[in-house]
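In what follows, every chain begins at residue 1, and chains take the letters A, B, ... in the order their sequences are listed.
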Protein chains: 2
Amino acid sequence: MSDAQNTQENPRRARGRPRGWDDKTEQKTIKSLDRAMEIFEYLSADQGKTLSQLASELSQSPATVYRVLITLEARGLVEFDPEEQRWYVGARAFVIGARFLRRTSLVDRARPILRALMERTGETANLGIEKGGMVLFLNQVETHESIRAFFPPGTLSDMHASGIGKALLAFMDKDRFGRWLKGRSLETFTAHTLVAPDALVQELRRTRARGYAIDAEEKNLGMRCIAAPVFDMYGEAVAGISVSGPATRMGRDVTERISRSVVDAARDLTRAVGGSNRHDVDGQE
Amino acid sequence: MSDAQNTQENPRRARGRPRGWDDKTEQKTIKSLDRAMEIFEYLSADQGKTLSQLASELSQSPATVYRVLITLEARGLVEFDPEEQRWYVGARAFVIGARFLRRTSLVDRARPILRALMERTGETANLGIEKGGMVLFLNQVETHESIRAFFPPGTLSDMHASGIGKALLAFMDKDRFGRWLKGRSLETFTAHTLVAPDALVQELRRTRARGYAIDAEEKNLGMRCIAAPVFDMYGEAVAGISVSGPATRMGRDVTERISRSVVDAARDLTRAVGGSNRHDVDGQE
DNA sequence: TTGCATTTTTCATATTGCGAAATACATTTT
DNA sequence: AAAATGTATTTCGCAATATGAAAAATGCAA
């Protein structure tokens with residue numbers, strides 16, 4: 001549903017784009033590889049399937065799926081449990097995927113800040129970015145409490161029902177926000193989820209005004225979250241820092257205190273990545 | 001040397017293995033897919049390369065590499081920076097890879113490795129982590145011998161007088177080690193216990209140099225133990241594997257042999273949990 | 001033992017992935 | 001400006017090889 005795959009975007013590269021570049025969706029990609037990756041992704045989304053399950057659910061030949069799997073297995077990208085005859089994501093995939101984080105120093109720079117934020121607030125601290133219209137959680141530092149919020153890194157979450165998501169949306173320019181909203185149906189998770197665009201827009205206005213976002217049980221009942229945006233050098237909100245925990249410990253009485261810590265942390269990270277907060281100076285909108 | 005990838009191990013699956021299964025290394029995997037994954041892995045190991053760099057370094061045709069990359073790009077597994085004309089690991093790879101963690105725990109992954117280690121060495125194999133400045137034993141596979149070391153899971157033990165503890169301390173960064181040591185009095189258990197901080201630090205230096213720790217009757221008289229660290233994705237030593245037994249069977253003459261098995265096992269487990277050993281490359285300190 | 005379900009291999013065939021070379025840009029050099 | 005350079009991207013024809021159907025092999029249950 002999301003627009004993560006911008007496959008048919010035309011102006012792909014800067015250089016070397018000969019003629020035939022207008023209408024018909026050319027098939028330049030490798031078909032077999034794409035099919036293999038489809039199997040890989042499908043397997044990862046719901047691990048522990050058997051070969052025949054995968055083959056039938058993807059309506060592909062068992063022979064093909066089998067060959068794909070053993071090829072990936074040879075590289076450790078998937079794993080096979082001989083006892084149960086089931087297939088899983090392999091350790092190698094984790095290692096490779098984790099290298100995504102190396103591309104920017106965002107996570108490295110965020111870690112001490114997240115840790116300090118967790119110590120100060122006592123609740124789990126999270127770091128996330130926007131990816132394909134969703135929030136992608138990159139990292140977290142967990143609280144010591146036994147009851148804790150848990151967003152394992154790598155989780156994708158809807159923006160409109162997430163603290164970090166709303167913090168990012170609130171500081172997005174009108175155009176991008178419009179494109180994000182367009183043709184998107186806001187899924188309902190709890191009774192508190194903001195599904196009416198008007199309500200969401202209004203809440204985002206408030207969010208920008210106060211400088212941080214609140215997720216009050218909008219995704220999971222009993223869970224609250226306070227988030228603030230992190231800006232890059234162009235003043236664009238590119239990441240968000242949040243603190244999340246059970247509503248019982250994160251009530252209105254502590255919102256003031258926690259939000260201050262979160263906003264401070266986000267500001268620290270903005271500074272650490274060389275960003276600047278243009279919203280401090282020009283009050284756009 | 002280690003047998004983590006049992007790719008060409010013959011008895012692969014339980015079911016359905018027809019005849020031709022003896023000598024020549026059959027090519028059952030998909031060649032093109034394997035090549036594509038090689039490109040993917042290579043890219044991930046050293047991101048920010050251009051197409052032509054990748055092609056020449058992998059000695060493959062630029063056309064092929066190009067097609068692989070745009071196919072993976074369409075799925076978000078790799079990303080392209082049009083400004084710099086460089087390729088990177090994509091967010092989707094992170095999402096998929098992170099699902100590896102959803103499956104099993106350290107203990108589950110350690111079990112077969114501990115068992116193999118016990119079989120190979122004939123002595124009890126243990127798994128432990130650091131918890132609150134102590135070593136917490138999570139699991140063990142006991143030897144068949146009647147005289148055996150015994151650490152029931154759940155046991156807490158002082159780090160400075162434990163093989164696993166010393167393996168963990170040896171690979172801890174200076175700051176954390178300093179905090180650990182500060183204001184801690186090293187209890188004496190036997191005449192061999194290292195209670196002088198200087199002696200301990202020196203021993204840890206040796207430990208890191210050789211890659212494994214030795215507990216020579218430092219906790220219990222008559223008991224020796226050889227341990228090696230297990231690393232997580234950040235290259236931090238988060239667990240340790242050890243082999244322990246009576247000094248009579250674990251003398252200096254077998255230290256060489258056993259330590260090799262222990263180090264191999266620890267490396268296997270590191271790989272199995274998606275960790276990386278940064279100490280293999282940069283010799284810190 | 002006999003089925004049954006599933007994995008794994010074989011095999012013939014057409015699909016399609018492949019590399020060389022050509023082409024198209026962008027950037028730098030002359 | 002024009003040429004040279006370095007890179008990305010496409011075309012094209014052919015051979016490599018991925019593919020699916022079906023057969024074979026296996027484990028499990030009755």
Participant: Pull out every residue in residues 47-58 of chain B that has a heavy atom closer than 4.0 Å to any atom of DNA chain D, ordered by number, or say none.
Facilitator: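 Heavy-atom contacts with DNA chain D come from B:Thr50, B:Leu51, B:Ser52.
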Participant: Between C:dT27 atom P and B:Gln85 atom CD, what is the distance in whole Å?
Facilitator: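 Atom-to-atom, B:Gln85 to C:dT27, this comes out as 9 Å.
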Participant: To the nearest Å, give me how far apart CG (B:Leu69) and P (D:dT7) are.
Facilitator: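 After rounding, the reported distance stands at 15 Å.
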Participant: Do the side chains of B:Leu269 and B:Arg109 get nearer than 4.5 Å, heavy atoms only?
Facilitator: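 Yes - at least one pair of side-chain heavy atoms lies under 4.5 Å apart.
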Participant: Please enumerate all protein N or O atoms sitting under 3.5 Å from an N or O of nucleotides 14-17 of chain D, with distances to 0.1 Å.
Facilitator:
| unit_1 | atom_1 | unit_2 | atom_2 | d |
| --- | --- | --- | --- | --- |
| D:dT17 | OP2 | B:Lys31 | NZ | 3.4 |

Participant: What residues form a side-chain contact (heavy atoms from CB on, under 4.5 Å) with B:Asp34, not counting sequence neighbours?
Facilitator: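 Once residues adjacent in sequence are excluded, the partners of B:Asp34 under the side-chain contact (heavy atoms from CB on, under 4.5 Å) criterion are A:Thr71, A:Arg75.
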Participant: In this structure, how many angstroms lie between the C1' atom of C:dG17 and the CG atom of B:Leu72, rounded?
Facilitator: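 Checked: the CG to C1' distance equals 15 Å.
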Participant: Return whichever of B:Pro62 or B:Val68 has its heavy-atom-nearest nucleotide of DNA chain C closer to the 5' end.
Facilitator: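 The 5'-side residue here is B:Val68.
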Participant: Partners of B:Ser52 by side-chain contact (heavy atoms from CB on, under 4.5 Å), sequence neighbours excluded?
Facilitator: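 B:Thr50.
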Participant: Could I get the full list of salt bridge (Lys or Arg N to Asp or Glu O under 4.0 Å) partners for A:Glu38, not counting sequence neighbours?
Facilitator: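 For A:Glu38, no residue satisfies salt bridge (Lys or Arg N to Asp or Glu O under 4.0 Å) once neighbours in sequence are set aside.
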Participant: Please list, chain by chain and in numerical order, all residues satisfying ring-ring contact (aromatic ring centres under 6.0 Å, His included) with B:Phe137, sequence neighbours excluded.
Facilitator: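 For B:Phe137, the residues satisfying ring-ring contact (aromatic ring centres under 6.0 Å, His included) (neighbours in sequence not counted) are B:Phe151.
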Participant: For B:Gln60 and C:dC18, what is the distance between atoms CD and P respectively, to the nearest whole Å?
Facilitator: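 My rounded result for the distance is 8 Å.
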Participant: Between C:dT7 atom P and A:Glu83 atom CD, what is the distance in whole Å?
Facilitator: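 Going from CD in A:Glu83 over to P in C:dT7 covers 15 Å.
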Participant: Taking all non-hydrogen atoms of both residues into account, name the closest pair between A:Phe94 and B:Ala98 and its distance.
Facilitator: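 Reported closest heavy-atom pair: CD1-CA, 4.2 Å.
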Participant: Please report the distance, rounded to the nearest Å, between CD in B:Glu73 and P in D:dA8.
Facilitator: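 After rounding, the gap between these two atoms is 13 Å.
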Participant: Apply side-chain contact (heavy atoms from CB on, under 4.5 Å) to B:Ala265 and list each qualifying residue two or more places apart in sequence or on a separate chain.
Facilitator: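 With sequence neighbours excluded, B:Ala265 shows a side-chain contact (heavy atoms from CB on, under 4.5 Å) to B:Ile113, B:Leu117, B:Ile241, given in chain and number order.
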Participant: Rounding to a whole Å, what distance do you find between B:Leu33:CG and D:dA18:P?
Facilitator: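 After rounding, the reported distance stands at 9 Å.
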Participant: Could you pull out all residues at least two apart from B:Arg103 that satisfy salt bridge (Lys or Arg N to Asp or Glu O under 4.0 Å)?
Facilitator: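 So B:Arg103 forms a salt bridge (Lys or Arg N to Asp or Glu O under 4.0 Å) with A:Glu79.
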Participant: Take atom OH of A:Tyr66 and atom P of D:dT19, then tell me their distance rounded to the nearest Å.
Facilitator: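 Computing the A:Tyr66:OH to D:dT19:P distance gives 15 Å.
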Participant: Sequence neighbours left out, what passes side-chain contact (heavy atoms from CB on, under 4.5 Å) with A:Asp81? Give chain and number order.
Facilitator: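 Testing A:Asp81 for side-chain contact (heavy atoms from CB on, under 4.5 Å), a comparison that skips the adjacent residues, returns A:Glu83, A:Glu84, A:Tyr88.
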